[in-house]
Chemist: 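This is the structure, below, for whatever I ask next.
Letters A, B, ... mirror the listed sequences (proteins, then strands); counts begin at 1.
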There are 2 protein chains.
Amino acid sequence: MKIAIAGAGAMGSRYGYMLHEKGNDVLLIDGWEDHVKAINENGLRIDENGTSKNVKIPAVLPKDATEVPDLVILFTKSMGLETMLTSIKNILGPNTKVLCLLNGLGHEETVAKYVDKKNVFMGVTLWTAGLVGPGHVTLTGDGSLEVQNIDSSMTDAAKEICDVLSQAGLKAHYSENVVFSIWRKACVNGTLNSCCTLLDCNIKQFGSLGETSNIIRKIITEFSEVAKHYGVTLDVEETAKGIEAIYDPSQAGEHYPSMHQDLIQHHRRTEIDYINGYVSRKAKELGIAAPYNDLITSFIHAKEDLLV
Amino acid sequence: MKIAIAGAGAMGSRYGYMLHEKGNDVLLIDGWEDHVKAINENGLRIDENGTSKNVKIPAVLPKDATEVPDLVILFTKSMGLETMLTSIKNILGPNTKVLCLLNGLGHEETVAKYVDKKNVFMGVTLWTAGLVGPGHVTLTGDGSLEVQNIDSSMTDAAKEICDVLSQAGLKAHYSENVVFSIWRKACVNGTLNSCCTLLDCNIKQFGSLGETSNIIRKIITEFSEVAKHYGVTLDVEETAKGIEAIYDPSQAGEHYPSMHQDLIQHHRRTEIDYINGYVSRKAKELGIAAPYNDLITSFIHAKEDLLV
């Protein structure tokens, strides 16, 4: 299958690499010039299980993508999605399927501005990967993903996409609850990412604090109020318990969430507007109160103003 | 006048020193042993306007105070007030006036547990001082204070206290709005102290952030809702503008608030429960919502758990 990875950072590179290894015709598209140049000159360097190899996969800047693929997998940062879609709109053919695997909320609405609803597929991925530098990623751990069509007539196409991904070892499952899973994952990010960033701590430390149990339930309650309006029922207590399981150091406990890495460690802007900020914004539109998410969003933006 | 300073840190030492210089019979009472010992051995070292002197003023631990004074000035940290009152209750005679100058909200209720209402006087001070180390303080800048009786029959006594303080250069004014001034000052602390601590920035930086105008008004709105129940009317916009005047570097702008010094710089517990935490607690008792102050209080306690 002819597949373009739009946003070939850590996760996009993982997907691109695994799909390429299985014999798909993969193109990596990314806006970071040094990264694209390094991949084209030396191949994509993959560190995995203590071994290292350089894999020849073509890479281009978004403006230089010209061939229409069968499938585009969107893997930009949230704030880069719209720019990417604008740049690559000439390769989005009438039959090009678009699978959106970004973290965060509200991306379906953005994709729908550029892609016919029948070609839009939403997914949630549990794979991880790290970007070491230009053209260089590390792959650790196991993962899987869920995929769902948006247009009810496109179930078979969603299952086909799952097959292609699974043949490459990505363990894709067709699901009828992807929107639920997106919200559920957003709750994880909306508690652990934003609070660990504000408090400057890792997930295990956050879990050990006396106030944490109370804070996360307040945040999730507001997520669930907004989610209702998208037909998603989030059980606050069950969602909270799911998050609490992550504090375990044998899980991700010792890990600093990506938002902490972005803002505190690398002084980059965060995805807050697509997590707590999305809930805050939508709550305002819906006329419901979301003060905890309002304040957390404000504090993260304030910290961005200080550090970026 | 026979005056005991209960809590002889930076501010208590300033008051004790100035009252002693005017000829009052001053006793410094403090729970920090090294401080008491240093004062008794070498005198209280005062650095002021580039000169330094050591002043002989007696100092004792709270449990060692035995003589009943005419006036006790309470100057502990908020969380030390109850312990101090318990320790010195034997020197609180039937005619001993007690002037409470602590920062924060709710102290009147605590003092009332130990002192007859007619002997309780509340005040707000705008003086500043710094504690360099045991027995050593620096005095900078100018100041003044407001004093008010709680019992309506005690106006003359409040004015007398003002006279004694003013004769010592402390510029005390009798006021009928001390409770308003306490709330007003608590709004300053409840915005600048807690937010600069959470965001790890100074007052000038905080003032420059895009979200600040919105954040402080949300906090003050909740303060004003609770203040109403204490007969105090806080105009949110006017209070916010008063706080915004402090961002000016020619005012306190470059300064890190005391809570930042306590928690971020010295890893000590903060007075949050007597500022935002008081509003949060009282709102709950009153059945009104104060989510911004709830969350700020939770976050500061979480940060205490991480750093103290």
Side-chain angles (χ1 to χ4, degrees), chain A residues 190-192 194-222 225 247 256 260 263-264 267 269-270 272-273 276-277 279-280 283-284 288-308, chain B residues 190-192 194-222 225 256 260 263-264 267 269-270 272-273 276-277 279-281 283-284 288-308:
Chain A
T191 49
L192 301 185
S194 35
C195 293
C196 287
T197 303
L198 268 178
L199 296 171
D200 189 9
C201 63
N202 66 29
I203 293 171
K204 182 185 160 194
Q205 289 172 315
F206 179 62
S208 74
L209 306 174
E211 300 284 338
T212 295
S213 159
N214 173 33
I215 291 173
I216 69 168
R217 281 164 177 78
K218 282 174 165 169
I219 296 171
I220 300 165
T221 300
E222 294 179 356
E225 290 299 316
Y247 304 156
Y256 284 88
H260 186 282
L263 182 54
I264 307 296
H267 296 191
R269 294 215 168 260
T270 72
I272 193 74
D273 283 337
N276 308 79
V279 170
S280 169
K284 225 160 257 130
I288 57 183
Y292 297 99
N293 285 288
D294 293 346
L295 187 59
I296 286 170
T297 305
S298 289
F299 272 141
I300 292 287
H301 281 314
K303 211 136 178 74
E304 288 174 342
D305 284 353
L306 284 166
L307 294 178
V308 178
Chain B
T191 50
L192 302 185
S194 34
C195 293
C196 287
T197 302
L198 268 178
L199 296 171
D200 190 10
C201 64
N202 66 30
I203 293 171
K204 183 185 160 194
Q205 290 173 315
F206 179 62
S208 74
L209 306 174
E211 301 284 338
T212 294
S213 159
N214 172 35
I215 292 173
I216 69 168
R217 279 163 179 79
K218 282 172 166 170
I219 296 170
I220 299 166
T221 300
E222 293 178 359
E225 290 299 315
Y256 283 89
H260 185 283
L263 182 53
I264 307 296
H267 297 190
R269 294 215 168 261
T270 72
I272 193 73
D273 284 336
N276 308 80
V279 170
S280 169
R281 216 159 55 240
K284 225 160 257 131
I288 57 184
Y292 297 98
N293 284 290
D294 293 346
L295 186 58
I296 287 169
T297 305
S298 288
F299 273 141
I300 292 285
H301 281 314
K303 211 135 180 71
E304 288 174 342
D305 284 354
L306 285 166
L307 296 178
V308 178

Chemist: Just so I know, are the side chains of A/H301 and B/L209 near enough to count as touching, which here means a heavy-atom distance under 4.5 Å?
Modeler: no
Chemist: For B/I215, which atoms come within 4.5 Å of any heavy atom of chain A: side chain, backbone, both, or neither?
Modeler: side chain
Chemist: Under a 4.5 Å heavy-atom cutoff, which of A/A302, A/G210, A/C201, A/S298 has the most pairs with chain B?
Modeler: A/S298
Chemist: Provide the closest heavy-atom pair for B/Y292 versus A/P291 in the form atom of the first, atom of the second, distance.
Modeler: CE2-O, 3.5 Å
Chemist: Could you pull out all residues at least two apart from B/D305 that satisfy salt bridge (charged side-chain N to carboxylate O under 4.0 Å, His left out)?
Modeler: B/R269
Chemist: Determine the minimum heavy-atom distance between B/L199 and A/F299, stating which atoms define it.
Modeler: CD2-O, 3.5 Å
Chemist: Return the CG to CG distance between B/D200 and A/L306, rounded to the nearest 0.5 Å.
Modeler: 8.5 Å
Chemist: Just so I know, are the side chains of B/N214 and A/D294 near enough to count as touching, which here means a heavy-atom distance under 4.5 Å?
Modeler: no
